[in-house]
Amino acid sequence: MEHAATFALYEKIFLVVEQIPAGMVSTYGDVAAVVGGGGDGRTVGAALGALSRERAAVVPWQRVINREGVISTGGMGQRTLLEAEGVAFDAQGRAILARHRWPGPAPEWAADNGCHTLPEREEGEQLSLDLA
DNA sequence: GAATTGACGGGGC
DNA sequence: AGCCCCGCCAATT
C-alpha cells in the first residue's frame, strides 16, 4: 500500500476542494497553496485524477482549473458542469477568473484545519468589463 | 532507481 | 496579450 503521508496529503487536497462553493472556481496552484505541505499544482492535478468515480461525485473536482481559466481535462463535460453552476466563459473558452475566482478559505477554517489562506488579490476590479 | 509524463506555475521577452 | 523556457511534485514505466 502507499505511504500514509501521501494518502493524508490527497485527503487534505480533497477537503480543500470541497470548500469551493458552486458558481466559483479555483486554480491548481491556489489549492496547493491552501493545502501547503510541499505539494504544488501538479500534485493537486494528480490527486484529482486519482479520484474514484464514487469520490468524484462528492468532491467538486470540476471547480479546479488552471491559472489561465482554461479547462485542462477537455471532453469530460467539465465546462458544461461549471456553466450549469453559473460560471461564465469568454469567447476564448476561458472561465472569467476575475469574477468567479475563489478567494480562499476563511482564516478561521484554515486555522482549524491546518491550512493556509490566500494572499489578497486586487485584480478583481475589472469584473464588469468583459463582454466578448 | 533512472527516465518519462502530466488535470501546473512563474518569470522573462 | 502571446510565447518560451525552467523549476516543481507525484505517478508510471
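Atoms considered below: every heavy atom in the structure, side chains included; atoms not considered: hydrogens, waters and symmetry mates. Numbers restart at 1 for each chain; the letters A, B, ... are given by sequence-line order, proteins then strands. The model shown is predicted, which means the values in this text are computed figures rather than measured ones.
- Minimum heavy-atom separation, A:Y28 to A:N66: CE1-N, 3.5 Å.
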What does the list of N/O pairs under 3.5 Å between the protein and nucleotides 7-10 of chain C look like, with a distance for each?
residue, atom, partner, partner atom, Å
C:dC8, O2, A:D40, OD2, 3.2
C:dC8, O2, A:R42, NE, 3.4
C:dC9, O4', A:D40, OD1, 3.2
C:dC9, O3', A:T43, OG1, 3.4
C:dA10, O3', A:Y10, OH, 3.1

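- Under the rule for a salt bridge (Lys or Arg N to Asp or Glu O under 4.0 Å), A:R67 has no partner lying at least two apart in sequence or in another chain.
- Residue contacts for A:G49: at a heavy-atom cut-off of 4.0 Å it reaches a base atom on one of the strands shown.
- Listed by chain and number, the residues in a salt bridge (Lys or Arg N to Asp or Glu O under 4.0 Å) with A:E11 are A:R55 (sequence neighbours excluded).
- The side chain to side chain donor-acceptor pair (under 3.5 Å) analysis of residues 76-88 of chain A, with sequence neighbours excluded, yields the pairs A:Q62-A:E85, A:R63-A:E85, A:T73-A:Q78, A:R79-A:E83.
- Listed by chain and number, the residues in a side chain to side chain contact (heavy atoms under 4.5 Å, CB included) with A:A32 are A:V44 (sequence neighbours excluded).
- Side-chain atoms of A:I13 and A:T43, non-hydrogen and from C-beta on, do get closer than 4.5 Å to each other.
- The stretch residues 55-73 of chain A touches DNA chain B through A:W61, A:N66, A:R67, A:S72, A:T73, each having a heavy atom under 4.0 angstrom from the strand.
- The shortest non-hydrogen separation linking A:K12 to A:C115 is CE-SG, 3.7 Å.
- One atom, CD1 of A:I13, and another, C1' of B:dA7, lie 12 Å apart when rounded to the nearest Å.
- Under a hydrophobic clustering in which Ile, Leu, Val, Met, Phe, Trp and Tyr are joined whenever their side-chain heavy atoms come within less than 4.5 Å, directly or via other members, A:I20 and A:F14 fall into the same cluster.
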